[in-house]
2 protein chains.
Amino acid sequence: MRAKKRQRQSELQSLLDDNPFLTDQELAERFAVSIQTIRLDRMELGIPELRERVKMVANDAYAKIKSLGEEELIGDLWQFEPEVRGVSTLDATMEMIYEKTMTVRAEHIFAQANSLAVFMANSSEAITVGASVQFLRPVYAGERLVCTAAIVKREEKRIHMDVTTTSTDSLVFSGKFILGISV
Amino acid sequence: MRAKKRQRQSELQSLLDDNPFLTDQELAERFAVSIQTIRLDRMELGIPELRERVKMVANDAYAKIKSLGEEELIGDLWQFEPEVRGVSTLDATMEMIYEKTMTVRAEHIFAQANSLAVFMANSSEAITVGASVQFLRPVYAGERLVCTAAIVKREEKRIHMDVTTTSTDSLVFSGKFILGISV
DNA sequence: CTATAATTGTGAGCAGGTAATAATAGCCGG
DNA sequence: CCGGCTATTATTACCTGCTCACAATTATAG
């Protein structure tokens, strides 16, 4: 009997690990045991109830999505002079980190810069066609990245921009972006 | 009276837009009205109850996190010859799109490339120090991006890599990455 | 065969609601 | 100033998916 219990509990654990949206009811049916058994198992495993699980997923998600998700502008716009320059800030979080080195992954720094560049070109429909970038020093969680994009030259079909990112007064990123205007 | 109501409802809307975790109770206190008023407002605005909102966030999140979140390697590794080349694929989704142009935002393409480059350098602790990249054509949702990173030169403290991304047999991205080795 | 472990059942109570119905307050036009 | 309308508040019953406490049953190992 004890073997069955352990078996069920470990299955329960992994089942809920990759699908937190199951009710005790559904779990009870899946394992062909009573709802109370499922509750006892959850207690023993320290697994919270459905609603708490969903809340946790939603919360994580909320943090992570902000870090690099569907936002059009990554970071928060701080200053904006149309056709001249824009400044955005982004707080580096643990979600952005490459574990081995504990440094912020380059794509996040690039994303802040690129999205600001695209935003600056907002007079029309712009897409990034090229960029030459340097990541000048490693960035750690907790740093506040201040990104400045300045329009260098505006041609008929292209915009050239210089984008730099600083943190605690030292340069961490510098890049030249070329955006193409399609309309 | 009508003005007050509209005011409150629009505030309610935007409040819940960027914080779906508020109960009717809390909202009622915030607006100094009864709980029923809040419920009526939600009805009129078609806003579901707290639990449904949280569930929605959790669900989205579940999908979105997969697209571009805390993963170390963005995309799925397809081929890997240590010290030579690696290939990853990434399906472009609606979450990656810049609304105005309906094209995938450059940072996603960059992220796939950069994370693959870092992965390739996995023998040691590598960080991106520079990159020169071209986005050769717009990419739309639904395309499968196949990214190839090849090691060009390995120096004592640096790795040079060529990274290209293709989709439906045409080149969409090409870049040269330089990674620094710290250990 | 019995002591212990595992399972099942029962009832009360809670949070955060829905739904329906009624009563009250505030304002506006005539 | 009063009738009518909208907005607001209150009240009650009910729902889901639990928790908590307690009891009863079943299984099984020693």
Side-chain angles (χ1 to χ4, degrees), chain A residues 1-67 69-71 95, chain B residues 1-66 69-70 95:
Chain A
M1 207 67 181
R2 206 139 65 235
K4 255 178 205 170
K5 190 185 178 184
R6 254 172 297 157
Q7 170 80 7
R8 188 188 55 235
Q9 290 195 346
S10 81
E11 274 185 55
L12 186 76
Q13 182 71 265
S14 55
L15 233 172
L16 289 181
D17 266 357
D18 65 49
N19 185 358
F21 300 92
L22 298 166
T23 62
D24 288 356
Q25 180 65 43
E26 290 167 328
L27 291 165
E29 282 159 20
R30 221 183 217 74
F31 287 105
V33 295
S34 73
I35 225 174
Q36 288 76 6
T37 301
I38 296 296
R39 315 249 226 234
L40 285 174
D41 286 346
R42 274 200 300 103
M43 297 298 138
E44 284 175 27
L45 296 169
I47 299 173
E49 63 163 300
L50 169 68
R51 284 156 178 167
E52 291 307 311
R53 295 193 305 267
V54 171
K55 213 182 290 176
M56 283 164 63
V57 173
N59 267 319
D60 284 16
Y62 225 59
K64 280 171 196 165
I65 280 176
K66 300 257 153 153
S67 79
E70 64 172 344
E71 295 169 294
E95 315 303 335
Chain B
M1 207 68 181
R2 207 143 59 234
K4 256 179 205 172
K5 190 184 177 184
R6 254 171 297 156
Q7 169 79 9
R8 189 188 54 235
Q9 291 195 346
S10 80
E11 275 184 54
L12 187 76
Q13 183 71 263
S14 54
L15 233 172
L16 288 181
D17 267 357
D18 66 50
N19 185 357
F21 301 90
L22 298 166
T23 62
D24 288 357
Q25 182 64 43
E26 290 168 327
L27 291 165
E29 282 159 20
R30 221 182 216 75
F31 287 106
V33 296
S34 73
I35 226 173
Q36 289 76 5
T37 301
I38 296 296
R39 314 249 227 235
L40 286 173
D41 286 346
R42 272 199 302 102
M43 297 299 140
E44 285 175 25
L45 296 169
I47 299 173
E49 62 164 299
L50 168 69
R51 284 155 179 169
E52 291 307 312
R53 295 194 304 266
V54 171
K55 213 181 292 174
M56 284 164 63
V57 173
N59 268 318
D60 286 14
Y62 228 57
K64 278 173 198 164
I65 278 179
K66 307 253 156 160
E70 64 172 343
E95 317 305 334

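None of these values were measured; they are calculated from a predicted model.
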Side-chain-base donor-acceptor pair under 3.5 Å for A:Arg51 and D:dT16
yes
Selected nucleotide, minimal atom distance to A:Gln36 side chain, candidates D:dA10, C:dG9, C:dT7
C:dG9
Looking across every strand, which nucleic acid part, if any, lies under 4.0 Å from A:Leu40 by heavy atom: base, sugar-phosphate, or nothing?
base
Round to the nearest Å and state the distance from A:Gln7 atom CD to C:dT7 atom C1'.
17 Å
Interatomic distance, A:Lys4 NZ vs D:dT26 C1' [rounded to whole Å]:
12 Å
Decide yes or no on side chain to side chain contact (heavy atoms under 4.5 Å, CB included) for A:Val33 and A:Asp41, but give the supporting numbers first.
CA-CA 11 Å; A:Val33 295; A:Asp41 286 346; 5.8 Å; no
Less than 4.0 angstrom between a side-chain N/O of B:Arg39 and OP1 or OP2 of C:dA19, yes or no?
no
Could you tell me whether the side chain of A:Arg53 and the main chain of A:Pro48 form a donor-acceptor pair under 3.5 Å?
yes
Got B:Gln25 and B:Ile38 here, is their nearest side-chain heavy-atom distance under 4.5 Å?
no
With the side chain of B:Glu49 defined as its heavy atoms from C-beta on, choose the nearest nucleotide among C:dG16, D:dC18, C:dT7.
C:dG16
Nearest-nucleotide pick for A:Arg42, side chain only, options being C:dT8, C:dG16, D:dC18:
D:dC18
Kindly say whether A:Thr37 contributes a backbone atom to a donor-acceptor pair with the side chain of A:Ser34 at under 3.5 angstrom?
yes
Which nucleotide, D:dT8, C:dA6, D:dT9, lies nearest any side-chain atom of B:Arg8?
D:dT8
Distance in angstrom units between A:Gln25 CD and D:dT19 P, rounded:
14 Å
Starting at the 5' end of DNA chain C and moving along, which residue's nearest nucleotide shows up first, B:Pro48 or A:Asp41?
A:Asp41
Nearest-nucleotide pick for B:Ser34, side chain only, options being D:dC18, D:dA10, C:dG17
D:dA10
In whole Å, what is the span from the CG atom of A:Leu22 to the C1' atom of D:dT16?
16 Å
How long is the line joining CG of B:Leu50 and C1' of C:dT18, in whole Å?
14 Å
Measure from the side chain of A:Thr23, starting at C-beta and using heavy atoms only, and say which of D:dT8, D:dG17, C:dG17 lies closest.
D:dG17
Measure from NZ on A:Lys55 to P on D:dG17 and round the result to the nearest Å.
15 Å
From CD1 of A:Ile35 across to C1' of C:dA6 the rounded distance in Å is 18 Å
From CE of B:Met43 over to P of D:dT6, roughly how many Å is that when rounded to an integer?
20 Å
Determine whether the side chains of A:Glu11 and A:Gln7 contain a donor N or O and an acceptor N or O closer than 3.5 Å.
yes
